[in-house]
Amino acid sequence: MVNSIMKRIAKRCGEISFDSPDQNAKCVRMLGDARVRGQTGVLSERRGSYPFIDFRLLNNTTLSGEIGTKKKVKRLLSFQRYFHASRLLRGIVPQASLYLLDEDYLGQARHMLSKVGMWDFDIFLFDRLTNGNSLVTLLCHLFNVHGLIHHFQLDMVTLHRFLVMVQEDYHSQNPYHNAVHAADVTQAMHCYLREPKLANFLTPSDVMLGLLAAAAHDVDHPGVNQPFLIKTKHHLASLYQNVSVLENHHWRSTIGMLRESRLLAHLPKEVTQDIEQQLGSLILATDINRQNEFLIRLKSHLDNQDLRLEDAQDRHFMLQIALKCADICNPCRLWDLSKQWSERVCEEFYRQGDLEQKFELEISPLCNQQKDTIPSIQIGFMTYIVEPLFERWAQFTGDTPLSENMLNHLRRNKAKWRSLLHKQHSSSRSNDHSGQMTGSQEQTYNEEETP
């Protein structure tokens, strides 16, 4: 009975033929490791390999600064892996959320999709109209609009199953890093892929990679940033040696879901291998610690006018830039949308700060609700991260209506945050905290999670 269950699970990973007891033992050992190596040699991660942060691990930090013994951590993580794999052990395949919507709601959702290329697209409204299935609905539509289903001969049922897996592996309890954020980034990416300077050179593979990377770029995000994972000695930090920890996890998790769903199984091996590697390159580019690296390279290309989009390498680089823009485009949205995103990301920061305070850890920059106000966080974020990137993006696109629209929103939103900050200062003159950005805080935005 146990062997048959293990066979079913491992066969989903496409890894093992079961001709001997030794191979069954290999399967059991593999199931104890979150990583699964496919035929291409790229390590992937099973769905649910690394579940939500269990803060019971922090209970022993008060006196020793350590997170308990390795044996305790290993035992707890093993239980977590088992718990999240239990649906497979019971033979239960996750299904899509039911669309319990009347025709009026469906009609409104369809109407919104007809305007999916507009920059004022309200992803929050769209998520409500689709009963929380904004990411699945949006991606199915965009794959059809861009002709990707026909070009790659994708099976619609398999595509839908893969997208449901991606959507389910976002944590809905995260105020910011959830499936709605992924859908918002995907919609922005769709807009950028239509910019003439880029669209005229893109291949179907480029478009599919851009949309897939946007949809999965934060999958299974735990709601805390990389410094938190490192200082709490989380197993992900150890696995990826403290380098692009979250981004590596998002990428490997995506590879695991692609293989499990068999969405691209009908394509030649070399094609799927290339797709997996390029997805990794795109998702890893969203690491905020690499912001200056990409800005310097983009500035050099623009100043030297040596971008050749006929070249696959240059096209891929601009896809990386487009994804980075999409990931942090919230300050460039309409004020009502931008403000919601700002409040959500700061709520996620403050939750991390509260946990750090509870377990007597040093509170991370931007995570102290008593000192780091939303206006001051947003002003600094816009000044040091968003403006430099979007000004270069506008230079690349040639000041198109979309680029000008985004920069105008960015300037207006920054002015509104400055006004709100001024009001806060006026009402709390007795406080020492000024809320102004200092020179040292620029480094903070290059080391922390993107707001």
Side-chain angles (χ1 to χ4, degrees), residues 96-150 154 156 159-168 170 172 174-195 198-199 207-208 210-219 322-323 325-345 400-406 408-410 412-413:
S97 301
L98 294 176
Y99 284 77
L100 301 177
L101 304 174
D102 59 29
E103 282 301 316
D104 184 48
Y105 275 79
L106 289 172
Q108 292 181 57
R110 281 193 292 267
H111 178 70
M112 287 194 70
L113 283 175
S114 69
K115 299 184 177 182
V116 71
M118 305 294 290
W119 189 245
D120 60 356
F121 190 87
D122 187 341
I123 198 65
F124 296 113
L125 174 59
F126 186 69
D127 192 63
R128 292 193 295 272
L129 292 175
T130 57
N131 197 29
N133 288 280
S134 55
L135 185 58
V136 172
T137 308
L138 180 65
L139 259 296
C140 284
H141 176 74
L142 292 180
F143 264 62
N144 186 49
V145 165
H146 287 283
L148 302 177
I149 297 171
H150 174 74
L154 300 177
M156 272 302 299
L159 173 63
H160 188 268
R161 181 167 62 245
F162 166 73
L163 295 177
V164 169
M165 292 165 66
V166 172
Q167 181 174 273
E168 285 188 341
Y170 278 94
S172 59
N174 289 345
Y176 184 83
H177 289 103
N178 52 42
V180 184
H181 165 65
D184 185 61
V185 172
T186 303
Q187 190 271 334
M189 190 67 168
H190 168 65
C191 292
Y192 300 156
L193 294 176
R194 300 172 68 213
E195 286 284 59
L198 191 58
V207 175
M208 184 171 74
L211 294 177
L212 285 177
H217 79 285
D218 272 333
V219 73
L323 181 58
C325 288
D327 191 25
I328 62 171
C329 73
N330 302 150
C332 302
R333 296 283 193 180
L334 290 167
W335 169 250
D336 288 342
L337 300 175
S338 178
K339 184 171 179 287
Q340 286 188 68
W341 285 121
S342 299
E343 292 168 347
R344 284 168 173 260
V345 75
T400 61
L402 174 58
S403 290
E404 290 184 359
N405 193 19
M406 290 191 298
N408 287 336
H409 284 316
L410 177 61
R412 284 194 292 265
N413 292 341

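Along the sequence shown, the residues carry numbers beginning at 1.
Closest approach of Y192 to A322, counting heavy atoms only: CD1-O, 3.5 Å. Nearest heavy-atom pair across N413 and R333 is ND2-O, 2.9 Å. Between V180 and S134, the closest heavy-atom pair is CA-OG, 4.3 Å. Taking both residues in full, the closest heavy atoms of A183 and L138 are given as O-CD2, 3.3 Å, listed atom of the first, atom of the second, then distance. In plain terms, the two heavy atoms of N178 and S172 that are nearest each other are CB-CA, 4.4 Å. The minimum heavy-atom distance linking G117 with C191 is given by the pair O-SG, 3.5 Å.
Rounded to the nearest 0.5 Å, atoms CG (L125) and CE (M112) are 4.5 Å apart. Atom NE2 of residue H141 and atom CG of residue L113 lie 4.5 Å apart, to the nearest 0.5 angstrom. Atom CG of residue N133 and atom CD of residue E168 lie 9.5 Å apart, to the nearest 0.5 angstrom. Here N174 contributes atom CG and D218 contributes atom CG; the two are 9.5 Å apart, rounded to the nearest 0.5 Å. With rounding to the nearest 0.5 Å, the separation of NE2 in H181 from OG1 in T186 is 9.0 Å. Atoms CD and CG, on Q187 and L135 in that order, are 12.5 Å from each other to the nearest 0.5 Å.
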Decide yes or no on side-chain contact (heavy atoms from CB on, under 4.5 Å) for L323 and V185, but give the supporting numbers first. CA-CA 8 Å; L323 181 58; V185 172; 4.2 Å; yes
With side-chain contact (heavy atoms from CB on, under 4.5 Å) as the test, would you mind laying out the steps for L193 and L211 before giving the verdict? CA-CA 9 Å; L193 294 176; L211 294 177; 4.0 Å; yes
Could you check T130 against V136 for side-chain contact (heavy atoms from CB on, under 4.5 Å), going step by step and ending with a plain yes or no? CA-CA 9 Å; T130 57; V136 172; over 6 Å; no
What's the verdict on side-chain contact (heavy atoms from CB on, under 4.5 Å) for Y176 and N330, showing C-alpha distance, side-chain angles and the deciding distance? CA-CA 11 Å; Y176 184 83; N330 302 150; 2.7 Å; yes
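At a threshold of 4.5 Å between non-hydrogen side-chain atoms, the residues Q108 and H111 do not count as touching. Counting only heavy atoms from C-beta outward, the side chains of Q167 and V164 never approach each other to under 4.5 Å. L410 is not listed as a side-chain neighbour of M406, based on a closest heavy-atom distance of 4.5 Å or more.
Judged purely by distance below 3.5 Å, without hydrogens or angles, the side chains of D120 and N405 never pair a donor atom with an acceptor atom.
Note on ring orientation: taking the six-membered ring where Trp is involved, the planes of H190 and H146 are perpendicular (angle over 60°, cut-offs 30° and 60°). Taking the six-membered ring where the residue is Trp, W341 and F124 present tilted rings, their angle falling between 30° and 60°.
Considering only residues two or more places apart in sequence or on other chains, F126 meets the ring-ring contact (aromatic ring centres under 6.0 Å, His included) condition with F121.
For N408 (side chain) and E404 (main-chain N/O), a donor-acceptor pair under 3.5 Å exists by modelled atom type. Side chain of W119 to backbone of C332: a donor-acceptor contact under 3.5 angstrom is found. At least one donor-acceptor pair under 3.5 Å links the side chain of H217 to the backbone N or O of A214.
Every pair tested for salt bridge (Lys or Arg N to Asp or Glu O under 4.0 Å) that includes a residue from residues 131-145 fails, sequence neighbours excluded, so the list is empty.
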